[in-house]
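Worth saying up front: this structure is predicted, and the values here are computed from it rather than measured. Both counts, for ligands and for their atoms, begin at 1 and track the order of listing.
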Amino acid sequence: MSHNIKGIIFDLDGVLVDTARYHFQAWRQLAESLGFSFTEEENERLKGVSRRASLEILLSMGKLTLSEDEKESAMASKNKNYVEMIGKMTPEGILPGALDLLKELKQSGIKTALGSASKNAPLILERTGLARYLDAVVDGNRTSRAKPDPEVFLLGAGDLKLEPGECLVFEDAAAGIEAAQNAGMKTAGIGRKNQLNRADILFPNLQGVTWSVLSKKLSDLPR
Ligand code: G6P
Ligand code: MG
């Protein structure tokens with residue numbers, strides 16, 4: 001048995017770095033300032049989703065309507081809090097197992113790309129030193145359509161000069177797994193089965209995830 005995966009595209013927040021909790025904290029602060037509460041459970045729906053789409057979901061949860069100007073200032077205030085948190089990040093913010101896997105992939109000749117909806121990805125890559133392990137970076141500054149649209153991952157495959165079918169995507173968000181599947185890629189979920197039941201492969205986190213573990217699991221998937 002074999003597989004044809006030649007490149008891996010990584011989501012950033014919640015896969016390579018421990019920033020999903022910062023996004024949650026910043027959205028919760030915004031919700032509270034608007035007069036409603038926001039739980040970790042509800043936050044699952046915002047994971048992987050662009051800033052604007054996240055705000056729209058949050059407002060619908062709070063049953064609130066804002067004018068365009070108010071939306072702009074709500075997004076600015078959420079982002080200001082978030083940037084304050086990530087501005088203090090160090091390489092310690094890299095999630096366990098991520099660096100080992102990226103290093104091993106580089107040595108094994110497997111291409112790697114970032115596929116993130118975040119406009120703050122450049123700051124995070126710089127603060128954590130992750131940039132040098134990625135052959136390509138696609139982030140929210142280059143995309144116009146939010147996950148589950150496949151745009152971000154198709155751009156990543158293009159940068160790596162690979163066909164979608166030659167790429168595996170690591171994602172912690174349901175919208176991201178869907179985006180990768182819409183792109184025609186194989187998917188590895190990072191998280192829990194009840195949230196990511198559509199992923200081809202599932203890991204609780206990247207600890208112990210090696211190229212040989214992945215190759216074995218990929219070979220076992222139906223083609
Ligand atoms: C990632 C995160 C989302 C976030 C989005 C936009 O996909 O999972 O929670 O809303 O990026 O991030 P940004 O940093 O541009 O607000
Ligand atoms: Mg994510």
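Listing protein N, O or S atoms at distances below 2.8 Å from the Mg ion (ligand 2), with waters left out, gives Asp11 OD2, Asp13 O, Asp172 OD1.
Residue contact check: Lys119 has heavy atoms under 4.0 Å from atoms 13 (P), 14 (O), 15 (O) of ligand 1. Of all atoms in ligand 1, numbered sequentially from 1 with element shown, those under 4.0 Å from a heavy atom of Ser54 are 10 (O).
A donor-acceptor pair under 3.5 Å links the side-chain atoms of Arg127 to the main chain of Met89, judged by distance alone.
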Practice task
Go through the steps to decide whether Asp149 and Thr143 satisfy the test side chain to side chain contact (heavy atoms under 4.5 Å, CB included), and finish with yes or no.
Solution key: CA-CA 10 Å; Asp149 188 283; Thr143 55; over 6 Å; no

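At a 3.5 angstrom cut-off on N or O pairs, Arg51 counts as close to ligand 1. Ligand 1 has no nitrogen or oxygen under 3.5 angstrom from a nitrogen or oxygen of Ser116. Any N or O atom pair closer than 3.5 Å counts here, and Ser118 shares at least one such pair with ligand 1. Residue contacts with ligand 1: Asn120 is placed with a nitrogen or oxygen under 3.5 Å of a nitrogen or oxygen of the ligand (distance criterion only).
Residue, atom and distance of the protein heavy atom nearest to atom 8 (O) of ligand 1 are Gly48 N, 2.9 Å. Looking at atom 3 (C) of ligand 1, its nearest protein heavy atom turns out to be Val49 O, 3.5 Å.
The closest approach between a heavy atom of Gly140 and any atom of ligand 1 is not below 4.0 Å.
A salt bridge links Glu68 with Arg52; the closest basic N to acidic carboxylate O contact falls under 4.0 Å. Ionic pairing of Lys71 and Glu56 is present here: one or more N-O contacts between side-chain nitrogen and carboxylate oxygen are shorter than 4.0 angstrom.
Identified under the side-chain hydrogen bond (donor to acceptor under 3.5 Å, both in side chains) test for residues 104-123, with sequence neighbours left out: Asn79-Asn120.
In this structure the side chain of Ile9 reaches within 4.5 angstrom of the side chain of Met185, judged on heavy atoms.
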